[in-house]
Student: 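A single structure is presented below for examination.
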Amino acid sequence: MTSELRVGRVKEVTSLANPLVKDLKALALKKFRDQHNAFLAEGLKLVIDALDLGWRVKTLVFAKSSLGNPAVEKVAARVVAKGGDVLEVSDKIISAITRRDNPQTVIGVFEQRLTKLSDVRPSGGDVWVALDRVRDPGNLGTVLRTADAVGAKGVILVGETTDPFALETVRATMGSIFAVPVARATPEAFAAWRKGFSGLLVGTHLKGAVDYRSVDYAGKPVVLLMGNEQQGLPDALADACDRLVRIPQAGRADSLNLAVATGVMLFEIRRAALKLDS
């Protein structure tokens, strides 16, 4: 991104026409996120979580109304110490960057991080989720958050999917974008990877004759393969599954929302591993 700052400096920005503000607003577009290998995360908690998990911060933006907040000042000091820039801006600029009327007062700009598919090697009781052509950023963000909640190891995005680093997706993850590894794969690359995967590949499918609760998921690595919101799993991916399962329904609805269906499946797959604290 264009920078008027020396590394690790604090600067006050007052104009919407400032090139730094224009660069930050441009991160709403995937083209610019990819070009600068960056994305936005809103909220003090998300920024702290990302820093604690070792994500590389490029810029911290905070509203003047946050001046004097010890937590914000501590985060700003951490960012400067890590070589990032810190911008003090008006609430109006924060709103312009986030495109929200009541935005968070702290925004972090972080470097994107993806896991190579070749590095995804499930073992033991590991669970991964593979999403085929997921289109809705809210669905993707909710799946990432749910995967984090159940202790799944990561998510593989298959084919042309929505961007995991889109602002809407990051919002929906509630910070789990920083905790859950994400890999990308073409359908061909996923098919090749699947040949080397010796665990259980389970897909949900309307043609699945097996109740999802009747499968033994324990003692082996599992990859849960979920289809596109409108079309479900294509035949090639369905044929690659070891088991095709269905979630029984009793009402008039003919299908479940993708994120809900994924959540139902994940909690069943991880049932034995999930215990309430005593």
Side-chain angles (χ1 to χ4, degrees), residues 1-115 137 140-141 144 162-182:
M1 296 173 66
T2 303
S3 179
E4 298 174 354
L5 304 174
R6 301 207 319 261
V7 172
R9 290 293 301 272
V10 180
K11 182 179 178 68
E12 182 178 2
V13 177
T14 59
S15 172
L16 285 169
N18 188 296
L20 290 168
V21 176
K22 291 184 176 180
D23 281 344
L24 291 168
K25 288 173 64 179
L27 291 177
L29 301 175
K30 185 177 188 302
K31 176 175 71 174
F32 289 98
R33 288 195 296 273
D34 290 346
Q35 182 179 332
H36 299 297
N37 193 35
F39 69 103
L40 299 173
E42 302 169 86
L44 180 61
K45 181 182 182 301
L46 263 66
V47 171
I48 292 173
D49 287 348
L51 292 173
D52 288 346
L53 290 169
W55 284 66
R56 182 169 177 265
V57 62
K58 293 173 174 255
T59 306
L60 180 76
V61 184
F62 72 91
K64 287 182 180 180
S65 57
S66 296
L67 281 173
N69 182 323
V72 173
E73 292 181 354
K74 183 177 179 180
V75 167
R78 288 179 69 182
V79 171
V80 170
K82 290 179 176 294
D85 299 325
V86 175
L87 305 182
E88 176 193 327
V89 303
S90 66
D91 289 341
K92 184 176 180 180
I93 289 177
I94 289 269
S95 292
I97 294 169
T98 62
R99 305 187 180 197
R100 298 180 82 166
D101 292 332
N102 297 297
Q104 300 272 0
T105 58
V106 176
I107 303 170
V109 181
F110 291 91
E111 188 176 276
Q112 295 185 19
R113 182 192 296 177
L114 289 169
T115 297
L140 176 53
L144 285 165
T162 192
D163 186 5
F165 300 112
L167 194 53
E168 297 85 354
T169 308
V170 176
R171 282 174 183 157
T173 72
M174 296 293 287
S176 293
I177 185 69
F178 299 113
V180 178
V182 176

Student: With heavy-atom distances below 4.5 Å as the criterion, would you say the side chains of Leu27 and Val109 are in contact?
Tutor: yes
Student: Can you name the closest pair of heavy atoms from Pro181 and Thr115 and give their distance?
Tutor: CB-OG1, 3.5 Å
Student: Could you measure the distance from the CG atom of Asn37 to the CZ atom of Phe32? Nearest 0.5 Å is fine.
Tutor: 15.0 Å
Student: Looking only at non-hydrogen atoms, find the nearest pair between Val21 and Ser15 and report the distance.
Tutor: CG2-O, 3.6 Å
Student: Is any side-chain N of the basic residue among Asp163 and Arg33 closer than 4.0 Å to the acidic one's carboxylate O?
Tutor: yes
Student: Here's a test for you: under side-chain contact (heavy atoms from CB on, under 4.5 Å), which of Glu111, Arg113, Gln112 qualifies with Trp55?
Tutor: Arg113
Student: Hey, could you give me the OG1/CG distance between Thr59 and Leu40, rounded to the nearest 0.5 Å?
Tutor: 9.5 Å
Student: Determine, using ring centers only, whether Phe110 and Phe178 are less than 6.0 Å apart.
Tutor: yes
Student: Are any non-hydrogen side-chain atoms of Ile48 and Val75 less than 4.5 angstrom apart?
Tutor: yes
Student: When rounded to the nearest 0.5 angstrom, what is the spacing between CG in Leu44 and CG in Asn69?
Tutor: 6.5 Å
Student: How about Glu12 and Lys64: do any of their side-chain heavy atoms sit closer than 4.5 Å?
Tutor: yes
Student: Would you compute the distance between atom NZ of Lys58 and atom NZ of Lys82 and round it to the nearest 0.5 angstrom?
Tutor: 15.0 Å
Student: Could Arg78 and Asp52 be called an ion pair, given the rule that one side-chain N must be under 4.0 Å from one carboxylate O?
Tutor: yes
Student: Please check: side-chain N/O of Ser90 versus main-chain N/O of Ile93, any donor-acceptor pairing under 3.5 Å?
Tutor: yes
Student: With the side chain counted from C-beta on, respond yes when Leu140 and Glu168 share a heavy-atom pair under 4.5 Å apart, and no when they do not.
Tutor: no
Student: Just do the side-chain contact (heavy atoms from CB on, under 4.5 Å) check on Leu46 and Met174 with the steps written out, would you?
Tutor: CA-CA 7 Å; Leu46 263 66; Met174 296 293 287; 5.6 Å; no
Student: Is there a donor-acceptor contact under 3.5 Å from the side chain of Ser95 to the main chain of Asp91?
Tutor: yes
Student: Going through the checks in order, is the side-chain contact (heavy atoms from CB on, under 4.5 Å) test met by Leu67 and Glu88?
Tutor: CA-CA 9 Å; Leu67 281 173; Glu88 176 193 327; 3.6 Å; yes
Student: How many angstroms lie between atom NZ of Lys92 and atom CD1 of Ile97, to the nearest 0.5 angstrom?
Tutor: 13.0 Å
Student: Distance from Gln35 atom CD to Asp23 atom CG, nearest 0.5 Å?
Tutor: 9.0 Å
Student: Mind running side-chain contact (heavy atoms from CB on, under 4.5 Å) on Asn18 and Leu16 for me, showing each step along the way?
Tutor: CA-CA 5 Å; Asn18 188 296; Leu16 285 169; over 6 Å; no
Student: Minimum heavy-atom separation for Thr169 and Pro137, please, with both atom names.
Tutor: OG1-CB, 3.2 Å
Student: Please lay out, stage by stage, how Ser65 and Thr105 fare under the test side chain to side chain donor-acceptor pair (under 3.5 Å).
Tutor: CA-CA 8 Å; Ser65 57; Thr105 58; 5.5 Å; no
Student: With respect to Leu24, which candidate in Leu87, Ile94, Ile107 satisfies the side-chain contact (heavy atoms from CB on, under 4.5 Å) definition?
Tutor: Leu87
Student: For a 4.5 angstrom cut-off between non-hydrogen side-chain atoms, does Arg171 reach Thr98?
Tutor: yes
